[in-house]
Number of protein chains: 2
Amino acid sequence: MRHKNNEKSRKIIAAATKIFAKKGFYKAKISEIAKEAGIADGTIYIYFKHKDDILIALFEEKMKEVLGNMKKQISLESDPFAKIERFAYFHLKLIEDNKDMAEIIQVELRQSSKFMKNYQNKKFAQYLDLIGDIIQEGKEKGLISQDIIPGIAKRAFFGALDEMSRFWVLSKRRKYDIETAARQISSYFINGMKN
Amino acid sequence: MRHKNNEKSRKIIAAATKIFAKKGFYKAKISEIAKEAGIADGTIYIYFKHKDDILIALFEEKMKEVLGNMKKQISLESDPFAKIERFAYFHLKLIEDNKDMAEIIQVELRQSSKFMKNYQNKKFAQYLDLIGDIIQEGKEKGLISQDIIPGIAKRAFFGALDEMSRFWVLSKRRKYDIETAARQISSYFINGMKN
DNA sequence: TGTTAAAAAATGAACGATTATTCATATTAA
DNA sequence: TTAATATGAATAATCGTTCATTTTTTAACA
């Protein structure tokens with residue numbers, strides 16, 4: 001019973017991921033999601049109270065996965081600079097491997113504060129903090145200048161990667177390969193923050 | 001006649017800027033915009049064919065202004081690194097001075113490809129190219145390493161600033177002042193791209 | 001193992017609320 | 001007086017959500 005429920009709500013989220021990515025949240029119809037999931041419209045309302053809830057659940061599920069993966073990747077390196085480069089690479093790789101999810105996070109996450117009044121995306125903050133923690137570690141080890149403010153640097157670094165992904169998500173063909181982009185972007189920050 | 005039309009459509013755009021920023025495009029009602037502009041609902045349809053057109057016109061108008069301002073600011077410096085720092089400062093200042101516009105660009109511009117199938121935001125591309133050109137100039141003058149790919153670096157730099165603005169736009173209080181953020185972010189890139 | 005009744009899950013047509021857009025009419029300017 | 005603008009009530013289409021009904025699952029019992 002418990003098992004089956006999870007199975008079906010995951011199926012709905014998978015369908016919603018596809019439809020939200022294609023049409024955007026507002027233009028996506030419940031009936032389309034239902035059709036994509038191979039169920040009746042009404043069934044969705046057994047698993048989710050409102051349309052909004054599907055998007056929230058989608059964020060939670062995807063961000064949990066992303067966060068878990070990235071934590072594991074970072075733990076494979078000990079040097080802060082190597083961690084930064086690995087973060088860049090896997091962030092971009094993630095986007096590439098999950099275009100639909102990426103597009104939703106890119107586009108709909110931005111609006112989240114608008115249509116979901118009190119939804120605080122804690123998982124996203126934690127994701128940012130992965131970068132902040134690496135920078136902090138670098139400062140403590142004397143590798144990164146004491147002038148660097150982690151709260152700014154973590155956002156700048158994430159923003160740089162994020163803009164690169166947006167470019168990929170919205171354009172048809174990828175102009176630069178992942179390795180190159182990850183190496184370039186992380187090198188700006190690594191060299192720029194060095195002690 | 002020409003004069004009056006422009007005057008009124010600017011009034012509508014100003015009202016729309018306020019309402020779109022507060023509610024987001026989809027939740028903003030034409031009737032609200034009309035009320036804010038002090039005109040009747042139907043009047044909007046004399047100046048704009050659809051709701052979408054208001055948003056497109058809004059982008060065009062704001063981006064044109066932003067682009068013009070930034071071009072002027074950049075031209076005040078001759079050193080590429082100084083240009084980069086000035087770009088960072090005025091970009092962030094612009095956000096601060098035009099919160100409503102910033103919020104719309106942050107949030108709604110992201111969706112533009114979704115609801116306006118064939119609207120290519122050329123002004124935005126030009127804005128990015130301002131950065132690309134500075135980097136190119138820096139390479140030619142031997143200040144910036146030949147390894148730096150302007151197409152990646154311009155997006156990374158813009159993304160870094162953009163993420164910082166998003167943080168400001170979506171949060172109540174500003175944690176870091178503009179000068180600090182601009183100096184930090186531009187220093188990562190300047191030092192990171194140096195020859 | 002097969003039967004069956006109660007519970008749970010699923011269905012999809014119908015409802016009702018919302019809102020972009022239109023247009024017959026009124027107002028203002030030329 | 002005529003043309004251009006503006007009005008806002010009415011229209012029409014859209015869709016999220018509900019719920020009476022049907023189907024499937026569960027588990028109790030012979």
Side-chain angles (χ1 to χ4, degrees), chain A residues 1-59 104 107-108 111-112 114-119, chain B residues 1-59 104 107-108 111-112 114-119:
Chain A
M1 203 190 295
R2 184 79 198 294
H3 208 80
K4 270 222 163 153
N5 274 356
N6 279 342
E7 207 177 273
K8 190 149 284 184
S9 70
R10 250 189 264 115
K11 209 161 109 185
I12 294 169
I13 288 175
T17 304
K18 209 164 171 178
I19 304 296
F20 286 163
K22 188 154 61 186
K23 309 253 182 147
F25 178 78
Y26 286 102
K27 290 205 167 176
K29 292 173 220 147
I30 290 290
S31 59
E32 278 180 293
I33 297 171
K35 196 178 166 192
E36 175 73 34
I39 57 175
D41 296 16
T43 308
I44 287 181
Y45 287 86
I46 297 167
Y47 297 92
F48 299 95
K49 232 168 156 32
H50 308 289
K51 193 183 174 189
D52 289 6
D53 291 339
I54 304 176
L55 188 53
I56 292 175
L58 191 159
F59 282 154
I104 294 173
V107 173
E108 310 298 340
Q111 302 211 315
S112 58
K114 285 229 143 40
F115 70 90
M116 302 181 271
K117 269 283 176 276
N118 40 20
Y119 173 61
Chain B
M1 201 190 294
R2 184 81 199 293
H3 209 81
K4 270 220 160 154
N5 272 357
N6 278 343
E7 207 176 273
K8 189 149 284 184
S9 69
R10 249 187 266 113
K11 211 162 110 184
I12 294 168
I13 289 175
T17 304
K18 208 164 172 180
I19 306 295
F20 286 163
K22 188 154 61 186
K23 308 255 181 144
F25 178 76
Y26 285 103
K27 290 206 169 175
K29 292 174 223 147
I30 290 291
S31 60
E32 276 181 295
I33 296 171
K35 196 178 166 191
E36 175 72 34
I39 58 175
D41 297 15
T43 308
I44 287 181
Y45 286 86
I46 296 167
Y47 297 92
F48 299 94
K49 229 168 158 36
H50 307 287
K51 192 184 175 189
D52 288 6
D53 292 338
I54 305 175
L55 187 53
I56 292 175
L58 190 158
F59 283 153
I104 293 171
V107 173
E108 311 297 341
Q111 300 211 317
S112 57
K114 284 229 143 37
F115 71 88
M116 303 180 271
K117 267 283 176 274
N118 42 20
Y119 173 61

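Sequence lines set the chain letters: A, B, ... in the order given, protein chains first and strands last, and positions in each chain run from 1.
Bending across the helix from dT1(C)-dA30(D) to dA30(C)-dT1(D), expressed as the angle between its end axes from five pairs apiece, amounts to 10° (10° rounding).
Between the CD1 atom of Ile39(B) and the P atom of dT5(D) there is a distance of 14 Å, given to the nearest Å. Rounded to whole angstrom, the span from the CD atom of Glu32(B) across to the C1' atom of dA20(C) amounts to 13 Å. For the pair Glu7(A) CD and dT25(D) P, the computed distance is 12 Å after rounding to whole Å. Atom NZ of Lys8(B) is separated from atom P of dA29(C) by 10 Å (rounded to the nearest Å). Atom CD1 in Ile44(A) sits about 16 Å away from atom C1' in dC19(D), given to the nearest Å. Per the geometry, CD1 belonging to Ile46(B) stands 16 Å off P belonging to dA26(C), to the nearest Å. The CG atom of Asp53(B) sits 9 Å away from the P atom of dT21(C) (whole-angstrom rounding). Atom OH of Tyr47(B) is separated from atom P of dA20(C) by 20 Å (rounded to the nearest Å).
Between Ile104(A) and Phe59(A) the shortest side-chain heavy-atom distance falls below 4.5 Å. Side chains of Ile30(A) and Tyr45(A) form a contact here, defined as non-hydrogen atoms less than 4.5 Å apart. Looking at Phe25(A) and Val107(A), their side chains never come closer than 4.5 Å, going by heavy atoms from C-beta outward.
In plain terms, the two heavy atoms of Phe20(A) and Lys51(A) that are nearest each other are CE2-CE, 4.4 Å. The two residues Glu36(A) and Ala15(A) make their nearest non-hydrogen contact at CG-CB, 3.5 Å. Here the closest heavy-atom approach between residue Lys23(A) and residue Lys27(A) is recorded as O-CB, 3.4 Å. For the pair Ser31(A) and Asp41(A), the tightest heavy-atom approach, listed with the atom from each and the gap, is CB-OD2, 3.4 Å. Among all heavy-atom pairs drawn from Ile54(A) and Ala16(A), the shortest one is CG2-CB, 3.5 Å.
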What pairs of nitrogen or oxygen atoms, one from the protein and one from nucleotides 14-18 of chain D, lie under 3.5 Å apart?
| from | atom 1 | to | atom 2 | distance (Å) |
| --- | --- | --- | --- | --- |
| dG16(D) | OP1 | Ala28(A) | O | 3.4 |
| dG16(D) | OP1 | Lys51(A) | NZ | 3.2 |
| dG16(D) | OP2 | Ile30(A) | N | 2.9 |
| dT17(D) | OP1 | His50(A) | ND1 | 3.2 |
| dT17(D) | OP2 | Tyr45(A) | OH | 2.7 |
| dT17(D) | OP2 | Lys51(A) | N | 3.0 |

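Lys22(B) has no carboxylate O lying under 4.0 Å from a charged side-chain N of Glu32(B), or vice versa, which leaves the two without a salt bridge.
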